[in-house]
Q: 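Sharing a structure below in structure tokens format, with a few things to ask.
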Amino acid sequence: MVAILGYSRQQIISAVQGMYTAVADNPASPFHFPVGGSACHRLGYSPEHTAHIPAAILEAFAGVGCPFRANIIQPADRVLDIGAGAGVDSLISRQLAGPAGRVIALDLTYAMTHKLKTAIDTHHIDSVDVVQASAERLPLANDSIDSITSNGALNLVPNKRLAVAEMFRVLRPQGRLQLADVVIQRPVSVDCHDDPRLWVECVVGATVKEDLLAMLRDAGFEDIQELNTIDYFALSPSEQTRDIASSFGAHTIELSMRRGVTAPSSLRQWIRRLDPRRWFLSIWRRGLLGVASLLLALLSCYGTLTLVALLPLLGLGVVIDQDIWALSITVFSLLTLAAVAAGMRRHHSVWPLLVGIAGNATLMHALYVDYQALTELGGFILLIIATGWDLYQRRKREVDILGLSSPRRPDHD
């Protein structure tokens, strides 16, 4: 559950189905994430929630939180459980919706839906319909659902924005959504296409929390409340998974929200997505602030020189304030240096910073002491080396954390 680049949709789906087929068929096996009734209760489910759940269903519980803290399901609701798994949340939803309600338990994995159908038939459970389908394409009519519950499913969906739009579509206006899912503090930026199993590492596939909240608002959800956070990975029996989760700040959040009356227009959604603040935060989280700042410093310096040289050819004159020009280059070069310094917290290598300091000092000497074009160029070259070195060290650190440079352990840790 950590955002990974480079997978095809089918690779992701196959990896997810393979893992949760193993959970459905052999729930007592050791997994790298918590499974079963004990995990269910440690995540916050009350004994009243699980008292009437068949043992075969409870033992295959693989949720990441307790979405029922939101308390949105009302008697007679038509409820959709997205990523139902073996059906623990679906059966709890059935209890809450009562005899006049109806629950649709939807999951991608055949083994899970088969397990739930078998339990329903064995225990003569009514008012629950089991559907094998993807969250990206819900086989339901518009405005046909009163409430949606989802537990640990969205982080495993390749196209999360499409899945959120589908939730909005099938909910009735003012319908409610409760969600427990894994989020991260910063995204993974290395290409991990060589190991599709990372998508079910319970850190691979998750979204940065602020990006998830923005995605929900973009789709038209309102009154979004963060009800609880859980250190879900502290429950993992796998030291490797705990280390990966800790490195990327992975944890569970539990959310409650309601569907707006109408979906925002495509133009309005794009305006939100193009918000400069989002871009800045995304660049910062991905460790690219140094690259962006360096490009702006180069543009301020050589872009201005090019502009001054070309405008007279067009019959236009321009006067450059030398102090403001030098100040703009200084600000961007110092911001580049600060970003390189921040990288030390991740990769613990001082060399990029030392090269960056040398580059910045050389540049400042050219700007404020004795201007020489080659000295200025030398300062920029050192800053380029420092920024590239820092970026390389950051990516190398992520590769080491994810274990991509050595053979991975089996899925069943």
Side-chain angles (χ1 to χ4, degrees), residues 20 24 36-37 39-41 43-109 112-133 135 138-141 143-154 163 166-172 174-181 221 225 227-228 252 254-259:
Y20 290 97
C40 187
H41 295 133
L43 290 171
Y45 286 75
S46 69
E48 290 77 17
H49 279 143
T50 60
H52 303 292
I53 305 294
I57 295 300
L58 191 58
E59 69 180 6
F61 172 83
V64 301
C66 179
F68 295 98
R69 237 180 289 269
N71 195 31
I72 67 164
I73 299 175
Q74 302 299 314
D77 269 3
R78 191 172 189 226
V79 183
L80 171 63
D81 181 6
I82 296 178
V88 170
D89 286 8
S90 298
L91 299 185
I92 294 173
S93 298
R94 172 184 173 273
Q95 297 173 25
L96 297 173
R102 195 84 191 173
V103 176
I104 300 171
L106 181 143
D107 199 85
L108 182 66
T109 304
M112 285 294 192
T113 57
H114 178 72
K115 191 179 191 75
L116 179 54
K117 286 178 180 177
T118 300
I120 287 172
D121 292 341
T122 301
H123 297 276
H124 308 291
I125 299 170
D126 59 10
S127 303
V128 178
D129 300 314
V130 183
V131 177
Q132 184 185 356
L138 300 175
L140 300 168
D143 307 339
S144 59
I145 297 295
D146 297 304
S147 53
I148 292 177
T149 186
S150 181
N151 191 348
L154 190 58
E166 280 288 273
M167 293 179 191
F168 186 95
R169 179 183 66 80
V170 302
L171 266 178
R172 62 170 174 79
Q174 303 299 314
R176 304 290 301 190
L177 165 63
Q178 62 182 27
L179 179 73
D181 219 292
F221 285 100
Q225 300 179 44
L227 304 176
N228 192 36
T252 293
E254 296 167 353
L255 302 174
S256 170
M257 65 204 76
R258 61 181 170 81
R259 179 201 190 274

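Because the structure is predicted, anything quoted here is derived from the model rather than measured.
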Q: Could you go through the side-chain contact (heavy atoms from CB on, under 4.5 Å) check for N151 and V64 one step at a time?
A: CA-CA 6 Å; N151 191 348; V64 301; 3.6 Å; yes
Q: How many angstroms lie between CD1 in I145 and CG in D81, if you round to the nearest 0.5 Å?
A: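 These two atoms lie 11.0 Å from each other.
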Q: Is a side-chain donor or acceptor of D181 paired with a backbone partner of L154 at a separation under 3.5 angstrom?
A: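 Looks like yes, one N/O pair under 3.5 Å.
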Q: Within this structure, what is the OG1-CZ distance for the pair T50 and F61, rounded to the nearest 0.5 Å?
A: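 Spacing of OG1 (T50) from CZ (F61) equals 10.0 Å.
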Q: Count the heavy atoms of every other residue, nucleotide or ligand shown that sit under 6.0 Å from NE2 of H123, and state whether that count exceeds 12.
A: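 More than 12 heavy atoms, drawn from other residues, nucleotides or ligands, come within 6.0 Å of this atom.
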Q: Counting only N and O atoms by type, is there a donor-acceptor contact under 3.5 Å from the side chain of R176 to the main-chain atoms of A70?
A: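 Not at all, since once roles are kept as given, no pair shorter than 3.5 Å links the two residues.
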Q: For D126 and R94, what are the C-alpha separation, side-chain angles and deciding distance, and is it a side-chain contact (heavy atoms from CB on, under 4.5 Å)?
A: CA-CA 9 Å; D126 59 10; R94 172 184 173 273; 2.9 Å; yes
Q: Would you name the heavy atoms of G83 and A153 that are closest together and state the gap between them?
A: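 That would be CA-CB, 3.8 Å.
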Q: Could you go through D77 and L96, starting from their C-alpha distance and side-chain angles, then the distance that decides it, and tell me whether this counts as side-chain contact (heavy atoms from CB on, under 4.5 Å)?
A: CA-CA 9 Å; D77 269 3; L96 297 173; over 6 Å; no
Q: When rounded to the nearest 0.5 angstrom, what is the spacing between CG in D107 and OG in S90?
A: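 One gets 8.5 Å once the value is rounded to the nearest 0.5 Å.
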Q: Which heavy atom of P139 sits nearest to which heavy atom of V131, and what is that distance?
A: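 Reported closest heavy-atom pair: CG-CG1, 3.9 Å.
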Q: Closest heavy-atom contact between P54 and I125?
A: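 Between these two residues, the closest heavy atoms are CG-CD1, 4.4 Å.
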Q: With side-chain contact (heavy atoms from CB on, under 4.5 Å) as the test, would you mind laying out the steps for L80 and M167 before giving the verdict?
A: CA-CA 9 Å; L80 171 63; M167 293 179 191; over 6 Å; no
Q: If you measure from CG on L255 to CZ on R69, what distance do you get to the nearest 0.5 Å?
A: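 The distance works out to 12.0 Å.
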Q: Looking at every heavy atom in both S93 and T149, which two are closest together, and how far apart are they?
A: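 Distance-wise, the nearest heavy atoms are OG-CG2, 3.8 Å.
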Q: State, yes or no, whether a side-chain contact exists between Q178 and I73 at a heavy-atom distance under 4.5 Å.
A: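 Yes, close enough: below the 4.5 Å cut-off.
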Q: So, taking the atom named CG in L106 and the one named CG in L116, what distance separates them when rounded to the nearest 0.5 Å?
A: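 Here the interatomic distance stands at 11.5 Å.
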Q: I'd like to know if the side chain of E254 and the backbone of C66 have a donor-acceptor N/O pair within less than 3.5 Å.
A: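 Checked: pair present.
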Q: So does R172 get a backbone contact from the side chain of D146, meaning a donor-acceptor N/O pair under 3.5 Å?
A: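 A pair under 3.5 Å: no.
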Q: What pair of heavy atoms forms the shortest contact from I57 to K115, and how long is it?
A: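 The answer is CD1-O, 4.0 Å.
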Q: Out of curiosity, I148 CD1 to L140 CG, how far, rounded to the nearest 0.5 Å?
A: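 I148 atom CD1 to L140 atom CG measures 8.5 Å (nearest 0.5 Å).
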Q: Is the H49 ring parallel, tilted or perpendicular to the F68 ring (thresholds 30°, 60°)?
A: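 Correct class here is tilted.
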Q: Who are the ring pair (Phe, Tyr, Trp, His ring centres under 6.0 Å) partners of H114, not counting sequence neighbours?
A: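 Partners of H114 by the ring pair (Phe, Tyr, Trp, His ring centres under 6.0 Å) criterion, ordered by chain and then number, come out as Y110.
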Q: Identify the two heavy atoms, one from P67 and one from A180, that lie closest to each other, and give their separation to 0.1 Å.
A: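 Heavy-atom minimum between the residues: CD-CB, 3.9 Å.
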Q: Indicate yes or no for a side-chain donor-acceptor contact from R259 to the backbone of G175 under 3.5 Å, with no hydrogens or angles considered.
A: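 Here the side-chain-to-backbone pair does not exist.
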Q: Do side-chain atoms of R78 reach the backbone of I104 as a donor and acceptor pair under 3.5 angstrom?
A: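 Answer holds: no.
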